[in-house]
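Inspection log for the structure reproduced underneath, given as structure tokens.
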Amino acid sequence: MDRRTTTGTMNDADLAQVLSQVRAGDSDAWGELYRQYAPAIFRFCRRLLPAREDAEDATTEIFMKVRQKLGTYDSSRPFTAWLYKVASNHCWDTLRRRRIRQDLETGDLDTLPLEHPDPSQLERLQAEHTSKEVRTGLARLPDRARMALVLRYYADMSYEEIADTLGVRRAFVGVLLLRARHQLRDALSESGGASALKASAGGTP
Amino acid sequence: MNHSDGHFDEMTGLLYLEGQLDPGRASEVSAHLGSCVPCREIVHALETEGVWLREALAAEDESIPARVIAAPERGTAHWGWIAAFALGTGGAYTLWSSFVEPWLTQASQAGFTQGNLLTMLFFTGAFWKGWDAMRSLTEFMAVATLGTLVIWLLRKQWQRFTAIAFVMGALVGALALPQPVAAADVQHGNPGYTLPAGQEVKTDLIVAAERTRIDGDVDGDLIVFSDSLIVNGHVKGDILAFGAEVRVNGPVDGNVRVWCQSFALDSAVARNAMAWTGASDFNEKSRVGGTLTLFSGATELDGKIGGDLLAYAGDLSIGGSLGHDAAIRGGKLNVGPNAEIAGQTKYKGDHEPEVSPGAKLGSPIQFTLVKRGTDYTRGRYYWHQILYWGAGFLLGLVMLLVMPGFFFDVAQACKRVGPAVGFGALFLFATPIAAIIVCATIVGLSVGLPVLLFYGIAVYAAKIFVGAWLGEQLLGPGVGVGPALGRLALGLAILRGIRMLPYAGPLAGLIIAMWGFGALVLVLHRRISAPPAGGSLSAA
Ligand SMILES: [Zn+2]
């Protein structure tokens, strides 16, 4: 899967050069790298962590980690993948440290929502909500569900990487994602607009 | 996975879309999709949902905070950290060498080693000779910087820290008061309490009453919280009293420590005495065996003091005799014709001391005049102004580097002038009062003192936030640490200029302090009451 270079316009050759300069201790190159990726990482954190200040703190802390750990980055693999891995580990640690609501979440969710969505209602839900509303709905999801969606659909992480970050079996990632989608649909339809999707429960096509 | 009727479920559809099925299964699903409209619709809906989610998440419709954009300069500004570290170390050293050490020495000299912790802290705090030096710029800066760093380091562990503080406080409280509490007669007056003459309390006596009168004897310590207290009996331990009016007419074998409006001593205290009062009167019959420590408005000292006199008094007149040295700071000093001072007398005050020719002094009074008012003609004054500006700027720099997000937030909060000044005025006065009340519970010392420290730093830092905001108003918003520092420098320089104005300057200084302090309170309030999950997301 093709990874977004986010705001960056840096091509692979430029990136490789900047990375080697950073490793050599060039602080201008570090500034260049930071400016290139900080906005995307900030948005990433912003979608995962409850408060704006937390996202700001996390962004700074993630880049401090990146600078320390740059030696462990394998340059044959995509840089953004590695960057998001560092970032997601950091955010997940942050969330787990302040885990309050998470305790209420059931440990393993082999139970899946059984009702199938009504495709037309799903489309209406998508049409009725702005990006901002989606993100607000996302913020109301349990930490792990939110993590799964953001890692997959913002950071484009593979199922293996998501499983590794969240500490779950790989086969469980799909369950997590589907359940998270259901929770998001519920959150958005509760907050107004579309009638509850649950109305279509049992409406198996 | 297949349903009985041959359709596949939503999970399979998602895994198919995301390329997570093994090739065999994927081609099965693909074949089914070619022939089944309902399943095709579901997969299509899931696919558009995926696109919709990606779009919503990728939308760049929120601003990136200046602090995030500015942050790489932290990586290059090692010197900022080095400076902060140096200042922090300097602060720690200053605290130790000029505060803790003299405090311990002074405390043990005055015989307070086993005394009440609160008393020691307040008294030595008020009498600490280092206050002047402390006020000197660099040292306060260093301490403020140190405090800022400590607060920053602790901010994540704040809850735990508070818990530890409470536990430690309770522990200190428990250790400080083991014996009196263990064996004490506790009395609640209703409304008054009297210990009749001829009666004797064999243990410590603790009284809380509106009016208290002790005519009998107390074998242990006497601890009283009372509007008025009169002691006529014999107290063999210490007297510790809080009240409006305290009068001691009976002999005391231990120490006397009082906090009150007016204090009168008419008898002999075998050990040390200290009074934190509005007015105090030590008449001819009064005797203090050890050191007399005073923090008092108008003071008449006609008795006989065996040890040293340490006084911070508004108006002190000495008519009795002092066995040792005297260190006095105050508004006025009057030494009467019958006064005798065996040792040296150091006096620092607003006026020349008035010494009667009949007074017998061991050595002439060493007088230091405290100058009030501003001498605009002296170069040193302007040099000091520049130093003050530099101190503010340096602390601002450290705060900007250590907690940029908070710094920018507070500076921005200054634009809400009305609420900021209002809250600032309220909290500027309420905070120290609340902190002192907390301190007074003894158990609360470990909470109250950090609050006071934080308060001191916050009041000092208030002008920095206002300066940063003012600079931005004048030069327009900038992005990053560099421009922010330029704006801070300009803003602080203007505020310093305003402070230098005669008459209006001090008033402006107070308003600026309230303003910045209020902005700080607003931001703290917002951060503490921030919604737990994502409520502020849409505010970005
Ligand atoms: Zn089908």
Side-chain angles (χ1 to χ4, degrees), chain A residues 1 4 6-7 27-28 30-31 33-35 38-39 42-43 46-47 49-53 55-57 59-60 63-64 67 100-101 112-113 116-120 122-123 125-126 129-136 138-140 149-150 152-154 159 173-175 177-178 181 184-185 204-205, chain B residues 3 5 7 9-15 18-20 36-46 48-62 64-65 67-69 71-78 156 403-406 409 527 530-540:
Chain A
M1 187 162 286
R4 241 190 342 252
T6 62
T7 50
S27 51
D28 287 344
W30 171 249
L33 190 73
Y34 182 93
R35 272 190 293 281
F42 170 72
R43 287 194 187 95
R46 187 75 189 90
R47 280 141 186 65
L49 302 174
R52 208 172 85 110
E53 290 81 13
E56 291 176 16
D57 284 354
T59 307
T60 336
F63 275 91
M64 277 158 73
R67 200 171 196 183
I100 303 162
R101 299 174 340 137
L112 259 183
H116 281 197
D118 174 345
S120 62
L122 205 49
E123 273 166 28
L125 192 72
Q126 290 163 18
H129 288 92
T130 64
S131 296
K132 210 168 176 179
E133 286 166 349
V134 173
R135 292 201 302 269
T136 311
L138 196 68
R140 292 207 297 270
L149 289 179
V150 173
R152 181 67 188 162
Y153 301 114
Y154 181 83
Y159 276 36
V173 174
V175 179
L177 282 170
L178 186 62
R181 283 190 183 209
L184 183 63
R185 291 172 203 162
T204 314
Chain B
H3 283 228
D5 52 6
H7 297 300
D9 60 19
E10 197 185 0
M11 183 77 255
T12 310
L14 180 69
L15 292 176
E18 306 225 320
Q20 304 295 323
C36 176
V37 175
C39 282
R40 207 155 58 220
E41 279 181 348
I42 288 208
V43 168
H44 181 70
L46 285 172
T48 50
E49 187 182 47
V51 173
W52 171 70
L53 267 173
R54 281 175 200 276
E55 277 173 3
L57 288 170
E60 296 179 0
D61 52 3
E62 65 209 320
I64 304 293
R67 139 181 199 218
V68 167
I69 295 169
E73 295 186 35
R74 280 174 73 170
T76 53
H78 292 299
K156 294 217 158 145
M403 39 189 188
F406 188 72
D409 279 0
R527 293 210 164 194
S536 60
L537 204 66
S538 52

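By convention in this document, chain letters (A, B, ...) are assigned in the order of the sequence lines, proteins followed by strands, and residues within each chain are numbered from 1.
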Return the set of residues passing side chain to side chain contact (heavy atoms under 4.5 Å, CB included) with A:T130 (not counting sequence neighbours), or none when no residue passes.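 Only A:K132, A:E133 meet the side chain to side chain contact (heavy atoms under 4.5 Å, CB included) criterion with A:T130.
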What's the separation between atom CZ in A:F42 and atom CZ in A:R47, rounded to the nearest 0.5 Å?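 Answer for the CZ-CZ pair, A:F42 versus A:R47, is 9.0 Å.
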NE2-OG1 distance between A:H129 and A:T136, expressed to the nearest 0.5 angstrom: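 One finds 9.5 Å between NE2 of A:H129 and OG1 of A:T136.
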Please walk me through it: do A:V173 and B:Q20 pass side-chain contact (heavy atoms from CB on, under 4.5 Å)? CA-CA 10 Å; A:V173 174; B:Q20 304 295 323; over 6 Å; no
B:E49: salt bridge (Lys or Arg N to Asp or Glu O under 4.0 Å) partners, not counting sequence neighbours: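 By the salt bridge (Lys or Arg N to Asp or Glu O under 4.0 Å) rule, B:E49 matches A:R181, A:R185.
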For [X], is it the side chain, the backbone, both, or neither that has a heavy atom closer than 4.5 Å to a heavy atom of chain B?
X: A:V150; result: both
X: A:L184; result: side chain
X: A:F63; result: neither
X: A:E123; result: side chain

In terms of heavy-atom pairs under 4.5 Å with chain B, which of A:S120, A:S131, A:A55 leads?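 Of the options given, most contacts go to A:S131.
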